[in-house]
Amino acid sequence: MAARIDGRKILPRAFFRRDSRAVAPALLNKILVGADGRSGRIVETEAYCGAIDPAAHTYRGKTARNATMFGPPGKMYVYFTYGMHWCCNTVCGEEGEGIGVLLRALAPLSGLEIMRAHRPKARRDRELCSGPARLTQAMGISGVHDGIDLVAGDGGFCIVDDGTPPPRNPVASGRIGVSRAAEAPWRWYVPGDTNVSRR
DNA sequence: TCTGCGATAATA
DNA sequence: ATTATCGCAGAC
C-alpha cells in the first residue's frame, strides 16, 4: 500500500527509477510538499542525463558536490550556483547513473504567507516560485536538504499525486541557462501556466 | 513589458 | 574562466 498524506499518494521509488527524460514530463502537475504547510504544483522541469549530457553536473563523473546524484533514485539533489542560489533536483534512474530532473517552477498551492516571508521581493504570487532558485527560496530548500529522501519523506519534503494527470500537451523546449547541448529539448512545462519561468 | 548587465563564490 | 540565476536599471 502506497504511503499517503491527506489522501494524496506519495510518489513511490519506482516512479523515479527510470530515465530522467521520462520522469521530467511525468512530474508535471505533481505536488511538492514541505513540512510546514507550504506546497506547490510542479509546472516546469528539466532532465539532466549524466554521462551522455555535457550540460549535466555529473557529466565528468562523481565529485563531492554531485555525489547525491549518483545515489538511489527518489533522493533530492540540492546544489549551489552563481554564488548565491540553491536549486533542487530529483535523482532518477538506477544508482550510479547520475541522472535527475531539475525542478524549475511551481504554481503555489498552500502556505503562500510563509513563501512571501521568504521572498519579500515577490510582488505577485506568480513571482514566488517561477524559477529554480525562486522555488527553493519560497519552499525553504537549501544545502542542508541535499540527499534527503523524497519517498520516505523523512527529510521534510515529498512529492505527491492528487489525481491531476500530467498535461495532455506538455511543451518540450531547449533547457534554460545551459551553453552545451542547449538544443536538446529536455525542458518541459505546462502550456499556459503563468508560473512557468519563461514564455 | 522587455532587454542588458552586475552580483557573488564554488567548481574544475 | 565558467556557471542548471535573479533582480535592478533604463528604454519603450
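Every chain is numbered from 1, with letters handed out A, B, ... down the list of sequences. Everything numeric in this text was worked out from a predicted model, so none of it was measured.
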Please name the residue in the list Phe157(A), Trp86(A), Tyr77(A) that meets the ring-ring contact (aromatic ring centres under 6.0 Å, His included) test with His145(A). Phe157(A)

Specify the separation, in whole Å, of atom [atom1] of [X] and atom [atom2] of [N].
X	N	atom1	atom2	value
Tyr79(A)	dA9(B)	OH	P	18 Å
Arg175(A)	dT5(C)	CZ	C1'	16 Å
Asn89(A)	dT3(C)	CG	P	17 Å
Arg198(A)	dA4(C)	CZ	C1'	12 Å
Met69(A)	dA4(C)	CE	P	12 Å
Trp86(A)	dA9(B)	CH2	P	12 Å
Ile99(A)	dA4(C)	CD1	C1'	16 Å

Can [X] and [Y] be counted as an ion pair, charged N to O under 4.0 angstrom?
X	Y	result
Asp162(A)	Arg41(A)	yes
Lys75(A)	Asp146(A)	no
Glu127(A)	Lys121(A)	no
Arg126(A)	Asp193(A)	no

Between His57(A) and Tyr48(A), is the ring centroid distance below 6.0 Å? no

So that I know where these two stand, are His85(A) and Phe80(A) an aromatic pair - ring centroids less than 6.0 Å apart? no

How far apart are the closest heavy atoms of Ala138(A) and Leu128(A), and which atoms are they? CB-O, 3.5 Å

Nearest-Å distance once atom P is located in both dA4(C) and dT3(B): 23 Å

Any chance you could encode DNA chain C as dot-bracket? Rule is Watson-Crick or G-U wobble with both distances under 3.5 Å; [ ] for pairs crossing earlier ones, | for another strand. |||.|||||||.

Here's one to test your reading of the geometry: is the NZ or CZ of Arg18(A) within 45 degrees of the ring axis of Phe15(A) and under 6.0 Å from its centre? yes

If Ile, Leu, Val, Met, Phe, Trp and Tyr residues are connected whenever their side-chain heavy atoms lie under 4.5 Å apart, and connections chain through other members, are Ile42(A) and Met115(A) in the same group? yes

Check whether any side-chain N or O of Asn66(A) sits under 3.5 Å from a backbone N or O of Gly61(A) as a donor-acceptor pair, and report yes or no. yes

Shorter than 3.5 Å, N or O on both sides, protein versus nucleotides 6-9 of chain C: list them out with atom names.
residue, atom, partner, partner atom, Å
dC6(C), OP1, Pro132(A), N, 3.3
dC6(C), OP1, Ala133(A), N, 3.1
dC6(C), OP1, Arg134(A), N, 3.2
dC6(C), O4', His85(A), NE2, 3.1
dG7(C), OP1, Arg119(A), NH1, 2.9
dG7(C), OP1, Arg119(A), NH2, 3.3
dG7(C), OP2, Arg119(A), NH2, 3.4
dG7(C), OP2, Arg134(A), NE, 2.9
dG7(C), OP2, Arg134(A), NH2, 3.1

Compare the aromatic ring of Tyr48(A) with the six-membered base ring of dA4(C) and state whether they stack according to the 5.5 Å and 30° rule. yes

Nucleotide N/O of nucleotides 10-12 of chain B paired with protein N/O under 3.5 Å:
residue, atom, partner, partner atom, Å
dA12(B), OP1, Thr63(A), OG1, 3.3

Distance test, side-chain N/O of Ser179(A) to OP1/OP2 of dT2(C), below 4.0 Å: no

Any donor-acceptor pair under 3.5 Å joining the side chain of Tyr82(A) to the base of dA4(C)? no

